[in-house]
Amino acid sequence: MGVAVNILKWSWYHRNYLIIFLTPLLLLPLPLIIPTPEARCGFTILLMALYWCTECMPLAVTALLPVVLFPMMGIMESSAVCVEYLKDSNMLFIGGLLVAIAVENWHLHKRIAIRLLLIIGVRPALLMMGFMIVSAFLSMWISNSATTAMMLPMAQAMLDQLCATEARAVERELRAAGEDNQAFELEETQQNKEELPNVKIAPEDVKPQSEVRVKNPDQDSSVDSELERRRILREEEYRQLKKGMSLSVCYSASIGGTATLTGTTPNLILKGQLNKLFPKNGDIINFTSWFTFSFPHMLILLAISWLWLQFLYLGFNMKKSFGCGLKNKDRDNEAYAVMKEEYRKLGRVTFAEVAVLSIFTSLVVLWFTREPGFMDGWATLLFNKDGTRQFVTDGTTAIFMSLLFFVIPSQLPRCGGYGYDKEGKEVKAPPPLLNWQVVHERMPWNIILLLGGGFALAAGSEESGLSTWLGASLAPLKAIPPYAISIIICLLVATFTECSSNTATTTLFLPILASMATAIELHPLYVMIPCVQAASLAFMLPVATPPNAIAFAFGNLRVLDMVKAGFMLNIVGILTINLSINTWGYTMFELHTFPDWANTTTQANVTSFCTSQNVL
């Protein structure tokens, strides 16, 4: 028995090495028994899927496997595979990250967050709403993990201050009530004595009523007991409130990232995969179209999430949650003063912050006006005049604006010098808004490789004919209504993403769903968009996404707390995704028709497949 236990322990400790070496051996019969390009490509995809799910190797390292396996298996040439790792979507991702790094470097996000919270208010329900709105807004532009890591300490400090302030207010009220009761009892005693004829009271023994303070041990004991009782209730209340606040921050960060194309990696994977698999799609997914579709969905899901967490951790007591009819001005004023002090610590608005905000705002405006959809944008009028080729894309705009961070100085030119650096040397000229050292430390290069690995898998599936084979195998799904297919996909992806990263989940599912859509002549976006949005519904487990892990460690949460709150939000998220795709999304993207650009791609894939099988 002991030997078996030791073997199991050893296997568990060395599980990553066992998975790395045993998985290829177990999958090797697939390309050996079926010596076709489709089987070889399937071997690579299955191997990468298992590596990604188990994380036996870093995700970015696993994403490099196509560079080795595709050329060795005769699926694609090495030069063709390597090109897939730096597409236009990667440039859009890099440009968006440079903007986020600049915002974080100059603490502009913290100034925006505190300012918005000062406007919203400090009552419990309003405070939760405020943190959710701020977290969702920030995660639209900077990473979900950075948003959660910044907002959670602020939320916990604010709740600690509210709890301490409430404790002082309750103690003052009870002490004052006890003193009033003692004074009332003394007055009654004096009146009784005056009514007794045989009792003589010396004049020096009579004191003014305001100076009377009689110690009553029983009264003090009852006050202390009441204070202890209220302290226990208050601590339990704020413990629940802290749990709800921690979950609200991490959930709203994940929800907010879905609203913009650069907000989370799966959105960019969708754009890249769509351009790779359907190159003639006419740039149907760009910053403007994605925001127009996803922002309303984000607002609906965010509002329902707030209501659910409000019910779960605060209840629907209007007086306690919103302060209706309660006089807690002292508590509110003290909490407000804490936020004002945090804002004061940031100092005056600097030239660097104004410059970063100006570049950020200009980039968003350029994104929205490049191809607004209802009219020709500036890119069409100035660069893409022929209408067939996209010379300027969202990636071009992002890189152009992010280059300004390395050009514009962080201070206005002046004659009085620029102070001293960390090493005590005099600064002769102001540094730019960003330098490469900061970018090198904060840029998540692994995500860029993950994006490239996904594009390489899509290209390999197309070249090998695997996508065509998968599409043909899934053709019987044509008998199922499209809305039912969308719901099934959402359920599958939402479950899968709880155990795997949303990036790996999206990368694996999108090529398969695109093949299925072309095979059953369904608009590809009808299944690809639900897949991407469902990949962000990782609400149930701490390991599902980095914001969940941060909140779990910071908020003293149990796994059961996250499962209980996240399960309902997963169901609600799936319903809202299908609501949006079947209402305004159905009209926006014309999902009722099978587009020509998808049909053309299908025919090309069929021709390639038939050629590889010597049919033509």
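Along the sequence shown, the residues carry numbers beginning at 1. Since this is a predicted model, take the numbers as computed values, not measurements.
Residues V364 and W141 are in side-chain contact: their nearest non-hydrogen atoms beyond the backbone lie under 4.5 Å apart. Proximity of I19 to Y51: side-chain heavy atoms (C-beta onward) are separated by under 4.5 Å at one or more points. Looking at V99 and M401, their side chains never come closer than 4.5 Å, going by heavy atoms from C-beta outward. In this structure, M516 and I485 have side chains that are in contact, with non-hydrogen atoms separated by less than 4.5 Å. Looking only at side-chain heavy atoms (C-beta outward), V365 and F360 stay at 4.5 Å or farther from each other. Between W10 and N6 there is no side-chain heavy-atom pair separated by less than 4.5 Å. For the pair F278/Q273, no side-chain contact is recorded, criterion being any heavy-atom separation below 4.5 Å from C-beta on. Put simply, the side chain of L357 reaches to within 4.5 Å of the side chain of L108, judged on heavy atoms.
For the atom pair CG (L522) and CG (L591), the distance works out to 8.0 Å, reported to the nearest 0.5 Å. For the atom pair CG of L65 and CH2 of W52, the computed distance is 8.5 Å after rounding to the nearest 0.5 Å. The structure places NZ of K243 at 11.0 Å from CE of M562, a figure rounded to the nearest 0.5 Å. A distance of 10.5 Å separates CZ in F368 from OG in S289, rounded to the nearest 0.5 Å. The CZ atom of F43 lies 13.0 Å from the CD1 atom of I34; values are rounded to the nearest 0.5 Å. Interatomic distance, L450 CG to L59 CG, rounded to the nearest 0.5 Å: 5.5 Å.
Proximity of a side-chain donor or acceptor of S135 to a complementary backbone N or O of M132 within less than 3.5 Å is not detected. Put simply, the side chain of S402 gets close to the backbone of I399: a donor and an acceptor are under 3.5 Å apart. Looking at N548, its side chain never comes within 3.5 Å of a backbone N or O of C250 through a donor-acceptor pair. In this structure, the side chain of S143 does not engage the main chain of S139 through any donor-acceptor pair within 3.5 Å. In this structure, the side chain of T576 engages the main chain of G573 through a donor-acceptor pair within 3.5 Å. Judged by distance alone, with hydrogens and angles left aside, the side-chain atoms of W367 form a donor-acceptor pair with the main-chain N or O of D394 at under 3.5 Å. Not one N or O on the side chain of T497 forms a donor-acceptor pair closer than 3.5 Å with the backbone of V493. Looking only at distances, no side-chain donor or acceptor of T258 sits under 3.5 Å from a matching main-chain atom of S254. Although no hydrogens or angles enter the test, the distance criterion places a donor-acceptor pair under 3.5 Å between the side chain of W106 and the main chain of L433.
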TODO: Could you give me the CA-CA distance, side-chain angles and deciding distance for F293 and I529, then say whether side chain to side chain contact (heavy atoms under 4.5 Å, CB included) is met?
DONE: CA-CA 10 Å; F293 168 76; I529 289 179; 3.4 Å; yes
Open item on the list: Does K110 form a side chain to side chain contact (heavy atoms under 4.5 Å, CB included) with E104? I'd like the steps, not just the answer.
Closed with: CA-CA 8 Å; K110 190 171 185 179; E104 293 179 46; over 6 Å; no
- [ ] Might you work through the side chain to side chain contact (heavy atoms under 4.5 Å, CB included) test for I489 and L513, ending with a clear yes or no?
- [x] CA-CA 9 Å; I489 290 170; L513 296 177; 3.7 Å; yes
Open item on the list: Let's go through Y526 and F589 carefully: what are the C-alpha distance in whole Å and the side-chain angles of both, what is the deciding distance for ring-ring contact (aromatic ring centres under 6.0 Å, His included) to 0.1 Å, and is it a yes or a no?
Closed with: CA-CA 9 Å; Y526 203 112; F589 300 116; over 10 Å; no
TODO: Kindly indicate, with the supporting measurements, whether the criterion side chain to side chain contact (heavy atoms under 4.5 Å, CB included) is fulfilled by Y85 and L451.
DONE: CA-CA 7 Å; Y85 283 81; L451 285 171; over 6 Å; no
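Using a 3.5 Å distance cut-off with no hydrogens or angles, the side chains of N275 and N281 do pair a donor with an acceptor.
Every pair passing ring pair (Phe, Tyr, Trp, His ring centres under 6.0 Å) that includes a residue from residues 249-268 is listed here, sequence neighbours excluded: Y251-F539.
In this structure, I574 and L537 approach most closely via the heavy-atom pair N-CD1, 3.8 Å. Smallest separation of non-hydrogen atoms from G256 and M140: O-CG, 3.2 Å. Of all non-hydrogen atoms in T54 and L50, the two that sit nearest each other are OG1-O, 2.7 Å. For the pair S305 and I255, the tightest heavy-atom approach, listed with the atom from each and the gap, is OG-CD1, 3.4 Å. Contact record, P524 with A598: CG-CB, 3.8 Å, taken as the closest heavy-atom pair. In terms of heavy atoms, I577 sits closest to C490 at CG2-SG, 3.8 Å.
Scored by the side-chain contact (heavy atoms from CB on, under 4.5 Å) test, K87 finds E84, N90, F455 as partners (sequence neighbours excluded). Listed by chain and number, the residues in a side-chain contact (heavy atoms from CB on, under 4.5 Å) with T264 are N144, P266, N267, N502, S536 (sequence neighbours excluded). Applying the side-chain contact (heavy atoms from CB on, under 4.5 Å) criterion to P296, with sequence neighbours excluded, gives W584. For D283, the salt bridge (Lys or Arg N to Asp or Glu O under 4.0 Å) test picks out K271, R370, with sequence neighbours left out.
The 12-atom threshold is not exceeded at CZ of F567, counting heavy atoms of other residues, nucleotides or ligands nearer than 6.0 Å.
Aromatic ring orientation, H14 versus Y17: tilted (interplanar angle from 30° to 60°).
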May I have the list of side-chain donor-acceptor pairs in residues 74-83 shorter than 3.5 Å, sequence neighbours left out?
none

